[in-house]
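Here the structure is laid out as structure tokens; the discussion comes afterwards.
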Amino acid sequence: MKRRDLLKSGLAAGIIAGASLAVPALPARLAAQPRAGSVRDRVLFDIAKRELDRAGDAIWRRDIVGIADFGVHSAQQRFYFVNLDREEVTAAHVSHGTGSDPEHDGWLTRYSNVEGSNATSKGAYVTWEWYQGRYGTSVRLGGLDSTNDAALRRYIVMHRATYAEPSHIERWGRLGRSNGCFAFGSDNFRTALLNLSGGRLLYADSLGLQDNGAMLTREQQLAALTPDVPSAMQRYSPGAF
């Protein structure tokens, strides 16, 4: 047999042998990888990304976003430092304004963008530079929405305050109130100063976000804390219910 014929016969045999080998089928679609963080954290990641997209070029540092959830009581840690690069969330205490909580019961019940209202304003803010003010080192804020665009002339800033310390909650069951500013205790403000100033996004709204990712109204949260009280019939005949 000629060499050329040997090569042809060998190639043909190789093709036949190769065709008989079982080739594992590739999956039609790779399974999605689980995202980092708790259910609550993943909701916060989504809100942070949504608000960054909405703010656009007004925000020039997009790694960390601050989210203030004024839909929960001031005794709870309701300010979140959302690190999108690391997919980490750190919670802190933050105060709301006196004009937003006239009953001083720890619940924010109204927002205002009006000078002299001493109320908290909802919406997106850009954090600006540090400065020395009435409460020491503070961070200026610029309002990006029609609901908070008076922030600069209202002197709405981030600052530290003794009434925003955890010890205030231990004594009174709630934080004290600001004049509309985002007031933190010393440790939490240090975190804000190092991680949230200089062109980052701060977003404030009443989310009522829970650990399981649900968003509840004030009434729903209070109802969840109130034990069920049996009716007169249930007390009379408990075995029937």
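Note that the structure is a prediction, hence the values are computed from the model and not measured. Excluded from the calculations below are hydrogen atoms, water molecules and symmetry mates; all remaining heavy atoms, backbone and side chain alike, are included.
Sorted by first and then second residue, the pairs that involve residues 185-197 and meet side chain to side chain donor-acceptor pair (under 3.5 Å), not counting sequence neighbours, are Trp130-Ser197, Glu165-Ser186, Asp187-Arg190. For the salt bridge (Lys or Arg N to Asp or Glu O under 4.0 Å) condition, the pairs that include at least one residue of residues 104-132, sequence neighbours left out, are Asp105-Arg218, Glu115-Arg153, Lys122-Asp205, Glu129-Arg140. Within the structure, salt bridge (Lys or Arg N to Asp or Glu O under 4.0 Å) contacts touching residues 52-78 (residues at least two apart or in different chains) are Glu51-Arg54, Arg54-Asp145, Asp63-Arg200. The ring pair (Phe, Tyr, Trp, His ring centres under 6.0 Å) pairs that include a residue from residues 134-163 are Tyr135-His159, where partners are two or more places apart or lie in different chains.
A donor-acceptor pair under 3.5 Å links the side-chain atoms of Thr120 to the main chain of Gly97, judged by distance alone. When atom types are taken as modelled, the side chain of Thr109 and the backbone of Ser100 share a donor-acceptor pair closer than 3.5 angstrom. A donor-acceptor pair under 3.5 Å is formed between the side chain of Asn113 and the backbone N or O of Ser146. Judged by distance alone, with hydrogens and angles left aside, the side-chain atoms of Ser95 form no donor-acceptor pair with the main-chain N or O of Arg177 at under 3.5 Å.
Annotation: side chain of Thr98 is not in contact with side chain of Ser178 (no heavy-atom distance under 4.5 Å). Looking at heavy atoms from C-beta onward, Leu144 lies out of side-chain contact with Asp149 at the 4.5 angstrom threshold.
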**OP:** Starting from the C-alpha separation in whole Å, work towards a yes-or-no answer on side chain to side chain contact (heavy atoms under 4.5 Å, CB included) for Leu152 and Trp128.
**Re:** CA-CA 10 Å; Leu152 189 59; Trp128 286 339; 3.7 Å; yes

Original post:
Going through the checks in order, is the side chain to side chain contact (heavy atoms under 4.5 Å, CB included) test met by Phe81 and Leu196?
Top reply: CA-CA 8 Å; Phe81 298 96; Leu196 201 57; 4.1 Å; yes

**OP:** Kindly determine whether Val72 and Gln210 satisfy side chain to side chain contact (heavy atoms under 4.5 Å, CB included), including the steps that lead there.
**Re:** CA-CA 9 Å; Val72 298; Gln210 307 299 302; 4.1 Å; yes

**OP:** Would you sort out whether Ser206 and Leu108 count as a side chain to side chain contact (heavy atoms under 4.5 Å, CB included), showing the intermediate values?
**Re:** CA-CA 8 Å; Ser206 293; Leu108 181 148; 4.1 Å; yes

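Listed by chain and number, the residues in a side-chain contact (heavy atoms from CB on, under 4.5 Å) with Arg40 are Ser38, Leu44, Tyr80, Val89, Leu209, Asp211 (sequence neighbours excluded). In this structure, Tyr131 has no ring-ring contact (aromatic ring centres under 6.0 Å, His included) partners at least two apart in sequence or on a different chain. Not counting sequence neighbours, Thr162 has no partner by the side-chain contact (heavy atoms from CB on, under 4.5 Å) test. Not counting sequence neighbours, Arg50 has no partner by the salt bridge (Lys or Arg N to Asp or Glu O under 4.0 Å) test. Under the side-chain hydrogen bond (donor to acceptor under 3.5 Å, both in side chains) criterion, Arg174 pairs with His104, sequence neighbours left out.
In this structure, Val39 shares a hydrophobic cluster with no other residue, the cluster being traced through Ile, Leu, Val, Met, Phe, Trp and Tyr side chains under 4.5 angstrom apart. When hydrophobic side chains of Ile, Leu, Val, Met, Phe, Trp and Tyr are connected at separations under 4.5 Å, Leu175 ends up clustered with Ile169. Residues Trp107 make up the rest of the hydrophobic cluster containing Leu222, defined by ILVMFWY side-chain heavy atoms closer than 4.5 Å, directly or through other members.
Ile67 and Ile59 end up in the same hydrophobic cluster when Ile, Leu, Val, Met, Phe, Trp and Tyr side chains are linked at under 4.5 Å. The hydrophobic cluster containing Met158 also contains Phe70, counting ILVMFWY residues as joined when their side-chain heavy atoms lie under 4.5 angstrom apart, directly or transitively. Tracing side-chain contacts under 4.5 Å through hydrophobic residues (I, L, V, M, F, W, Y), one reaches Phe45 starting from Leu52; they form part of the same cluster. Under a hydrophobic-cluster definition in which Ile, Leu, Val, Met, Phe, Trp and Tyr are linked whenever side-chain heavy atoms come within less than 4.5 Å, directly or via other members, Leu194 and Val65 are assigned to different clusters. In this structure, Phe189 is a member of the same hydrophobic cluster as Ile156, with clusters built from ILVMFWY side-chain heavy atoms closer than 4.5 Å.
Nearest heavy-atom pair, Leu216 versus Gln221, reported as atom, atom and distance to 0.1 Å: O-NE2, 3.0 Å.
Ring pair Phe79/Phe184: centre-to-centre distance below 6.0 Å.
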